Amino acid sequence: MEHAPRTMLEMSVACLLFLMAVTSGLLLFQTGAALNSTAYVSGKSLDRNMQQSFSPQAGDGIVSGAEVVQSIARLETGEAEIVVDGVRYAPPLDREQFVPFGIRLNARYSAVAQRDASGQLLRLIFVSR
């Protein structure tokens with residue numbers, strides 16, 4: 001009779017150890033997957049081959065005059081130039097000296113991007129509608 005309780009206790013301890021091993025393995029797998037996705041996202045943000053270019057988030061590509069002025073104000077460095085209704089704005093542009101005379105803030109502008117053979121943005125042309 002004393003053999004059965006001892007076997008039951010050994011089986012209970014073995015089951016408990018098995019469940020602990022499975023749980024720790026699952027936690028290690030989830031932690032590894034989370035670290036992998038974090039490393040991918042941080043590596044993607046540090047990739048120097050990725051370059052920001054103009055692309056409308058949604059809609060038909062029509063932007064307001066205020067967005068055009070903001071795009072020109074951010075034009076400090078780079079190789080791309082912005083043309084608004086025939087007026088050319090080329091980098092480097094001094095923000096403090098920039099006064100948008102010909103840009104109507106409440107007007108709507110459609111944008112056309114001109115790129116070279118390698119895909120680099122050369123010119124961004126805004127035309128009022």
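Not measured: the values here are computed from a predicted model. Excluded from the calculations below are hydrogen atoms, water molecules and symmetry mates; all remaining heavy atoms, backbone and side chain alike, are included.
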Is there a side-chain contact between S128 and R108 (heavy atoms, below 4.5 Å)?
no
Tell me the closest heavy-atom pair linking Y109 and D85, and the distance in Å.
CE2-OD2, 3.5 Å
Indicate, with yes or no, if V63 and V87 share a hydrophobic cluster defined by side-chain heavy-atom contacts under 4.5 Å among Ile, Leu, Val, Met, Phe, Trp and Tyr.
yes
Between L105 and V69, is there a side-chain heavy-atom distance shorter than 4.5 Å?
yes
How long is the straight-line distance from CD of E81 back to CG of L121, given to the nearest 0.5 Å?
9.5 Å
Pairs satisfying salt bridge (charged side-chain N to carboxylate O under 4.0 Å, His left out), at least one member in residues 21-32, at least two apart:
none
Using a 3.5 Å cut-off and no angle test, enumerate the donor-acceptor pairs between side-chain atoms of residues 15-30 and protein atoms at least two apart in sequence or in another chain.
| unit_1 | atom_1 | unit_2 | atom_2 | d |
| --- | --- | --- | --- | --- |
| T23 | OG1 | L19 | O | 2.8 |
| S24 | OG | M20 | O | 3.2 |
| S24 | OG | A21 | O | 3.0 |

Within-4.5 Å side-chain heavy-atom neighbours: I82 and S71
yes
V68 and I72, any side-chain heavy atoms less than 4.5 Å apart:
yes
If you compare all heavy atoms of L122 against all heavy atoms of R115, which two are closest, and at what distance to 0.1 Å?
CD1-C, 4.0 Å
Closest non-hydrogen atoms of F126 and A111, given as atom of the first, atom of the second and distance, are CE2-CB, 3.7 Å
Of the non-hydrogen atoms in G65 and I103, which two are nearest, and what is the gap between them?
O-CG2, 3.8 Å
